[in-house]
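Structure first, then comments.
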2 protein chains.
Amino acid sequence: MAKRITIKSIAQDLGISHMTVSRALSNNPNVSKATRDAILARANELGYVKSAAASAMRGDTTRIVGLLLPNIVNEFYARFANTLATACGQNGLHLIIHLTNDDPQAEDRAIARLREVQAMAVVMVPSPGGGDLGAAHLRAMKVVQLIRQRPSIRQAAAVLVNDRDAIAQAVVRLAQLGHRSIGYIGADAGLSSGRNRLAAFQQGLATAGIPVTSEHMHTGAPSFAMGRDHARQLFASEGATAILCGGFEISNGALNAFMELPEAQRSQTAFVGYGDPSFYTWINGGLSTIRVPVDRLAHQTLAVLTDPDPADEAYFNFGAEFVDRGLPRA
Amino acid sequence: MAKRITIKSIAQDLGISHMTVSRALSNNPNVSKATRDAILARANELGYVKSAAASAMRGDTTRIVGLLLPNIVNEFYARFANTLATACGQNGLHLIIHLTNDDPQAEDRAIARLREVQAMAVVMVPSPGGGDLGAAHLRAMKVVQLIRQRPSIRQAAAVLVNDRDAIAQAVVRLAQLGHRSIGYIGADAGLSSGRNRLAAFQQGLATAGIPVTSEHMHTGAPSFAMGRDHARQLFASEGATAILCGGFEISNGALNAFMELPEAQRSQTAFVGYGDPSFYTWINGGLSTIRVPVDRLAHQTLAVLTDPDPADEAYFNFGAEFVDRGLPRA
DNA sequence: TTGAAAGCGCTAACAG
DNA sequence: CTGTTAGCGCTTTCAA
């Protein structure tokens, strides 16, 4: 292993003080043109890079941003990460990704790690049932909550989705088409997003004049498997003719169950997903869905990250949209 | 901003030397039980985390791994990143993701950044036409090349895909079904993967007794747009009745063009993709494809990363598989 | 225009 | 068992 290239090694190399090298490399004017040029040339030739560790130890901010997501295969999270990572690259920020699988313990571990590297900020989709992050962590890192909001996390910005109207609209549309047995699958009430979406669903039913029976409303810890299993149940034993999903993972799981249906039943069943991965347009002649403006969320998140003087609890809400690609009558 | 919790602050707090605190926190036996317990309790209470910066400065390895991918929306890359990130989390490694968009300059920038934070390793899909990383970088970081191999990168492990047989098989199958006008879209010869896949395609044609005319073989810098545009051309002006894709991004781009076809033409056109995102099973009755064992690639990559005594140029090759989900006759 | 000293948090190597 | 010193790479402060 070759010796590290440091300002000291360069200084020794050139027979000058390391301070002069430091000044030259940080564009301090108090260096004669001759020495500056020599230093820059040598540094370039040797491939010098400043040690982030040394800077961090002096108290400079690290330019490391943590991103905590349930997973990164779901196209919504992938697209968010993609946009944010690209933007971070352009802004000289490092994006460290930790996947939580919605497991609070994995989340806690990830946060501790990010503290070790003195991350300047954490963008997170709070896992259901997680703790309160500890006050110590909060003081040290900027926190941005994405999609969901956990009440116990204080002094954190939030970038959220307002999907109330879109969901209610979808329900009304299903009712228009004659559906009376409309199933809903969403997160449980422990999450802000779960509460809101369920309320929107119920509001839609009310608007359409459909009695709100709880039997078709399935809530729980959101996951692919949860979505798939509840959808199977809705299709099989509960006789739902339409289904509406209240979450990204749930949507893909429910889609799985939907595609398992025999062609005859599927063509008479209405599916409304959540999120709008590119392939939804190609399936079954085009799947209807609740579209979430993922790029706008990502850009707002970056704006919060780079805001030099953030409000303690900045709060952003982006509207979702009901995309109707054609739904069968009941 | 509250003062940082350090071994010194804890030591002062307890009226002892910071060395004792250090020892207690790193399980050095030379600490009396009483003081050790007091220290651990206090550290825990205050939420102490060891500064990674200080450790790095002392020369300890950073446990930071860089991952350079073209993007993370393509399900292959997403799945690879997902598996690797999960595994990294379990091994206490930080995964820093930089997206290159296959742009050599972005790649260079990302590598320089990773050197700043003294990343212990870089996993990268080399961008087409990129440079040689500089010998300085190589000496400092372990490098793993993924999927593609750039000859100018030396002393780097490679985790690759052997898709020769799968591609040739696919061509032979298409020929069996009566296709004679088979289009191919792949990366150009600047990349190892591009050369190999094209050769496999030609070998398949030879086996099937189809003359190798170059008009149906499209190569270039691989991207979604490239795949889409060449596929459009193949379908429209070149009258291809079958198409085989030689790359992840290309496959999705070509799929886009395929789904644009009028139903009558599409049902008579054979599409063979590359990579096997979950949704391929749901499209058009199930898309045939060249499947790449993404999880095995990711696990092998982790094995290379955590290998304490790696060979200079460890080299791994995983077989791809032709998945036939039904293809129309010509 | 240049240099010397100090200190950020941590541990190895010595001294008690 | 516990404490002191020194040094990792860097910049701020003070001195020449």
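The structure presented is a predicted model; accordingly, all values stated were derived computationally and were not measured. All values below were derived from every heavy atom in this structure, side-chain atoms included, with hydrogens, water molecules and symmetry-related copies excluded. Quick note on labels: first sequence line is chain A, next is B, and so on, each numbered from 1.
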Original post:
Do B/Ser32 and B/Thr35 meet the criterion of a side-chain donor-acceptor pair at a distance under 3.5 Å?
Top reply: yes
Original post:
Between B/Glu107 and B/Thr100, is any side-chain donor less than 3.5 angstrom from a side-chain acceptor?
Top reply: no
[N] [atom2] sits how many Å from [X] [atom1], rounded?
{"X": "B/Arg4", "N": "C/dG7", "atom1": "CZ", "atom2": "C1'", "value": "14 Å"}
{"X": "A/Glu116", "N": "C/dC10", "atom1": "CD", "atom2": "P", "value": "11 Å"}
{"X": "B/Lys8", "N": "C/dC10", "atom1": "NZ", "atom2": "C1'", "value": "9 Å"}

**OP:** Find which nucleotide of DNA chain D each of B/Arg36 and B/Ala54 is nearest to by heavy atoms, and output the residue with the more 5' nucleotide.
**Re:** B/Arg36
**OP:** Show the numbers, then the answer: is there a salt bridge (charged side-chain N to carboxylate O under 4.0 Å, His left out) between B/Glu116 and A/Arg63?
**Re:** CA-CA 11 Å; B/Glu116 285 174 14; A/Arg63 309 197 67 69; over 6 Å; no
Original post:
Quick one: how far along DNA chain D does chain A reach, first to last nucleotide 5' to 3', anything under 4.0 Å to a heavy atom?
Top reply: D/dC8 to D/dT12
Given 3.5 Å as the limit, does a donor-acceptor pair link the side chain of [X] with the main chain of [Y], or not?
{"X": "B/Arg148", "Y": "B/Pro126", "value": "yes"}
{"X": "A/Asp102", "Y": "A/Pro70", "value": "no"}
{"X": "A/Asn71", "Y": "A/Asn101", "value": "no"}
{"X": "B/Thr6", "Y": "B/Lys8", "value": "yes"}

**OP:** Report the relative orientation of the aromatic rings in A/Tyr77 and A/Phe248; use parallel for angles under 30°, tilted for 30 to 60°, perpendicular for over 60°.
**Re:** perpendicular
**OP:** Examine C/dT11: is either OP1 or OP2 under 4.0 Å from a nitrogen or oxygen in the side chain of B/Lys50? Give yes or no.
**Re:** yes
Original post:
Where along residues 15-34 of chain A does a heavy atom fall under 4.0 Å from DNA chain C?
Top reply: A/Ile16, A/Ser17, A/Met19, A/Thr20, A/Arg23, A/Asn30, A/Val31, A/Ser32
**OP:** List the steps and the verdict of side-chain contact (heavy atoms from CB on, under 4.5 Å) for A/Gln118 and B/Arg4.
**Re:** CA-CA 11 Å; A/Gln118 292 169 62; B/Arg4 269 197 66 116; 2.9 Å; yes
Original post:
Is a salt bridge present between B/Arg42 and B/Asp13, judged by a nitrogen-to-oxygen distance below 4.0 Å?
Top reply: yes
Original post:
What is the bend of the helix from C/dT1-D/dA16 to C/dG16-D/dC1 when you compare the axis at one end with the axis at the other, using five pairs each and rounding to 10°?
Top reply: 50°
Subject >> Minimum heavy-atom distance B/Ala87-B/Leu302, with the two atoms named >> reply: CB-CD2, 3.6 Å
